[in-house]
Structures are given as structure tokens and as C-alpha cells.
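What follows is a short report on a single structure.
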Amino acid sequence: QWYQRRVRVKVDLGDPWSDAAGYEECPDWVDPKKPLPKSIDDICGVVAECPVKEEIANTDCGFGMRKVSAGKWVSTKIVSSDGDKKYGNGFMRLYKYISGANADGAKIPMTVPVLSKTYFDKSFKELGGTMHFYVPATFQANPPTPTDSLVYLEDWDDALIYYRALGSNSQDITMNVWMEEFTHLSTALMRTGHAFYPHMSIVGSFTGPEDKDHRIEIMYVSN
């Protein structure tokens, strides 16, 4: 194995980071200056609806585990030719869908997280991306058809997600920080023998740029 197993010091349960992030941080990655993420318990079912989920007890450091139940999501491809506006444009296409740009003219409640997926080939060359909103429970059985040809509905299966949480505003997170966080996540998973699909990285935004407290998660899906 290319990595070395490090001696892990258990972080006491109930410490502020574990309570906020949902998992224990590895001692070698602890940064006292890192802002605490908003607890998911203060978001899902409180501020907005989230997908049906179950947090999985995890004694390993550096990541959380969560089962997300099957359900419908509304999705759009990220158009690379949109340049710096590609994510903003993708978000607005989905936001217009829930605001009435659908066959029924229905107003659909906003849910979280907003997911952004990035896909890579076997050489880890970026292939493209997509963005997704969860369809709320009241529309799950029969969500209205999008009127925008770039917006489409998908049925997702149950999934086991591995994640790390950040407490910074997404607009303030640099590329170096994104890369470091995904490196920490993949390292922690490989250390502990958790298999994951490395050719799709996911960012989940549970809060918006205007919020006072923030929760952004980076994720990999178990395979």
C-alpha cells in the first residue's frame, strides 16, 4: 500500500467539531482556525427538506457516512462553454424549474443539498459536470415535467455516501482547499478500507452564500 497507517488518537465524543461536522477529525488534519460547519441537524427538517437519510455510526476519523434513500432528483448538465457562469447558469435553470418552469406551472419548495457532480475519465481528466436538486416529498410521486430542454428528472437508487464538511462560505473556498479536502477524504477512506468510486466527485451545498453559518460537504459514493 502506498500510504502508511498512522497512529490515531481518538477525539473525545461531544467535542465541538464532531458535533458540528458529524464525525471525528483526524488529529493530523485538525486546524483550530477552520470554521465549524453548521450541524446538519439544524438544517434538514428545520430550514429545508433534505433527502431521506440515515447517518451511519463511524469510529474512523476524517469522514462521515450516510445512507441516502432512493428518490427523484431534477438535474441539468453544466455547460462548459458558459465559462465562469456555468455553475450559476446551471443553478438558475433548476431554480426556474421549481419556480414554475414546468408543465404544471407548479411552485416547488427548495430543498438541500444542491449537488454538483464532476466526472473524470480513468486518467482523471475532467469530462464534465451536472447539478441536482432533490424533489420534495409532496412531488416525489409525480413531479412535473421540465419545460427547459436542458433540465431533466432522474430516479436515483439508495446510496452510501462518504463525506467531509466545511464551514466556510462556498464563495471563499479556494481551489487548493477543495483539492486538499478531497485528498483528505480519499486518504481517510483508503486507510480504512472503504471502497469508493473515485471518478465522480460531489459537492453538496446545504446553505447559501447569504447565510450566516455554512455547511458545504464534499462527497464520494461507495462502490
Side-chain angles (χ1 to χ4, degrees), residues 2-3 21-23 29 37 40 44 50-56 58 60 62-91 93-94 97 111-135 146 150-166 168 170 173-207 215-223:
W2 62 267
Y3 59 88
Y23 58 90
W29 298 335
I40 200 167
C44 293
C50 296
V52 178
K53 62 179 182 62
E54 178 189 356
E55 300 294 326
I56 306 300
N58 174 35
D60 295 310
F63 64 97
M65 300 171 58
R66 177 184 304 132
K67 287 184 179 178
V68 180
S69 297
K72 292 183 172 65
W73 293 69
V74 60
S75 308
T76 188
K77 290 184 178 180
I78 298 301
V79 180
S80 58
S81 60
D82 286 350
D84 292 342
K85 297 181 179 180
K86 61 184 181 181
Y87 291 104
N89 290 348
F91 178 88
R93 284 194 294 274
L94 297 179
Y97 168 79
T111 61
V112 295
V114 176
L115 294 185
S116 298
K117 296 183 176 182
T118 304
Y119 308 92
F120 303 90
D121 65 15
K122 292 182 179 180
S123 300
F124 291 96
K125 179 182 178 182
E126 185 173 330
L127 297 175
T130 52
M131 186 174 288
H132 314 268
F133 288 5
Y134 177 67
V135 175
L150 294 178
V151 178
Y152 51 96
L153 293 162
E154 294 184 294
D155 281 291
W156 291 5
D157 295 331
D158 294 344
L160 176 61
I161 301 296
Y162 305 117
Y163 68 88
R164 284 178 59 81
L166 296 88
S168 300
S170 59
I173 301 174
T174 65
M175 182 58 67
N176 285 342
V177 171
W178 289 121
M179 293 177 64
E180 180 181 62
E181 289 295 327
F182 274 109
T183 298
H184 286 344
L185 180 55
S186 61
T187 299
L189 294 174
M190 287 187 288
R191 277 181 186 172
T192 52
H194 291 281
F196 66 99
Y197 182 66
H199 299 290
M200 180 178 70
S201 63
I202 307 172
V203 174
S205 298
F206 286 83
T207 53
R215 185 182 186 91
I216 308 294
E217 290 184 358
I218 62 160
M219 310 174 190
Y220 282 125
V221 178
S222 170
N223 62 359

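Heavy atoms only: backbone and side chains are in, while hydrogens, waters and symmetry mates are out. Quantities reported herein were computed from a predicted structural model and do not represent experimental measurements.
- Smallest separation of non-hydrogen atoms from Val221 and Ala159: CG1-CB, 4.5 Å.
- Asp157 pairs by the side chain to side chain contact (heavy atoms under 4.5 Å, CB included) definition with nothing, not counting sequence neighbours.
- Summarising the geometry of Tyr23 relative to Ala165, their closest heavy-atom pair is OH-N, 2.9 Å, with the distance given to 0.1 Å.
- Atoms CE and CG, from Met65 and Leu160 in turn, are 5.0 Å apart once rounded to the nearest 0.5 Å.
- Note that the OG1 atom of Thr187 and the CD atom of Glu180 stand 10.5 Å from one another [nearest 0.5 Å].
- Scored by the salt bridge (charged side-chain N to carboxylate O under 4.0 Å, His left out) test, Lys53 finds Glu55 as partners (sequence neighbours excluded).
- The main-chain N or O of Phe63 is found under 3.5 Å from a side-chain atom of Asn58 such that the two form a donor-acceptor pair.
- The distance from the CG atom of Leu166 to the CZ atom of Arg164 is 7.5 Å, given to the nearest 0.5 Å.
- For the pair Phe133 and Thr111, the tightest heavy-atom approach, listed with the atom from each and the gap, is C-OG1, 4.3 Å.
- Between Tyr119 atom OH and Ile202 atom CD1 the span is 8.0 Å, to the nearest 0.5 Å.
- Atom NE2 of His199 sits about 14.0 Å away from atom OG1 of Thr118, to the nearest 0.5 Å.
- Taking the six-membered ring for Trp and the full ring otherwise, His194 and Tyr220 have centroids separated by 6.0 Å or more.
- Residues meeting the ring pair (Phe, Tyr, Trp, His ring centres under 6.0 Å) test with Tyr134, sequence neighbours left out: Trp73.
- With sequence neighbours left out, Cys50 forms a side chain to side chain contact (heavy atoms under 4.5 Å, CB included) with Cys44, Val112, Phe206.
- The backbone N or O of Gly90 sits nowhere less than 3.5 Å from a side-chain atom of Thr76 that would complete a donor-acceptor pair.
- Scored by the side chain to side chain contact (heavy atoms under 4.5 Å, CB included) test, Val68 finds Pro51, Arg66, Ile161 as partners (sequence neighbours excluded).
- The closest side-chain heavy-atom distance from Ser168 to Ile216 is not below 4.5 Å.
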* Asked: Hey, mind stepping through Phe196 and Met190 against side chain to side chain contact (heavy atoms under 4.5 Å, CB included) and telling me if it holds?
  -> CA-CA 9 Å; Phe196 66 99; Met190 287 187 288; 4.0 Å; yes
Just distance, no hydrogens or angles: give the donor-acceptor pairs under 3.5 Å from side chains in residues 120-129, sequence neighbours left out.
residue, atom, partner, partner atom, Å
Asp121, OD1, Ser123, N, 2.8
Asp121, OD1, Phe124, N, 3.0
Asp121, OD1, Lys125, N, 2.8

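- Although no hydrogens or angles enter the test, the distance criterion places a donor-acceptor pair under 3.5 Å between the side chain of Arg93 and the main chain of Lys77.
- Among residues two or more places apart in sequence or in another chain, the side-chain hydrogen bond (donor to acceptor under 3.5 Å, both in side chains) test is passed with Ser75 by His132, Glu154.
- Under the side-chain hydrogen bond (donor to acceptor under 3.5 Å, both in side chains) criterion, Ser201 pairs with no residue at all, not counting sequence neighbours.
- Enclosure of atom NZ in Lys72 by more than 12 non-hydrogen atoms of other residues, nucleotides or ligands within 6.0 angstrom is indicated.
- Closest of all the heavy-atom pairs between Phe182 and Ile218 is N-CD1, 3.3 Å.
- With sequence neighbours excluded, the residues satisfying ring pair (Phe, Tyr, Trp, His ring centres under 6.0 Å) with His184 are Trp29.
- In this view, Arg215 and Glu217 satisfy the side-chain hydrogen bond (donor to acceptor under 3.5 Å, both in side chains) rule, not counting sequence neighbours.
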* Asked: Stepwise, does the side chain to side chain contact (heavy atoms under 4.5 Å, CB included) test hold for Val114 with Leu94?
  -> CA-CA 10 Å; Val114 176; Leu94 297 179; 5.6 Å; no
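- Screening residues 80-91 for side chain to side chain donor-acceptor pair (under 3.5 Å) gives Asp82-Asn89 as the qualifying pairs, with residues at least two apart or on separate chains.
- With sequence neighbours excluded, no residue forms a side-chain hydrogen bond (donor to acceptor under 3.5 Å, both in side chains) with Tyr152.
- Nearest heavy atom pair, residue Leu185 against residue Tyr162, reads CD2-O, 3.9 Å.
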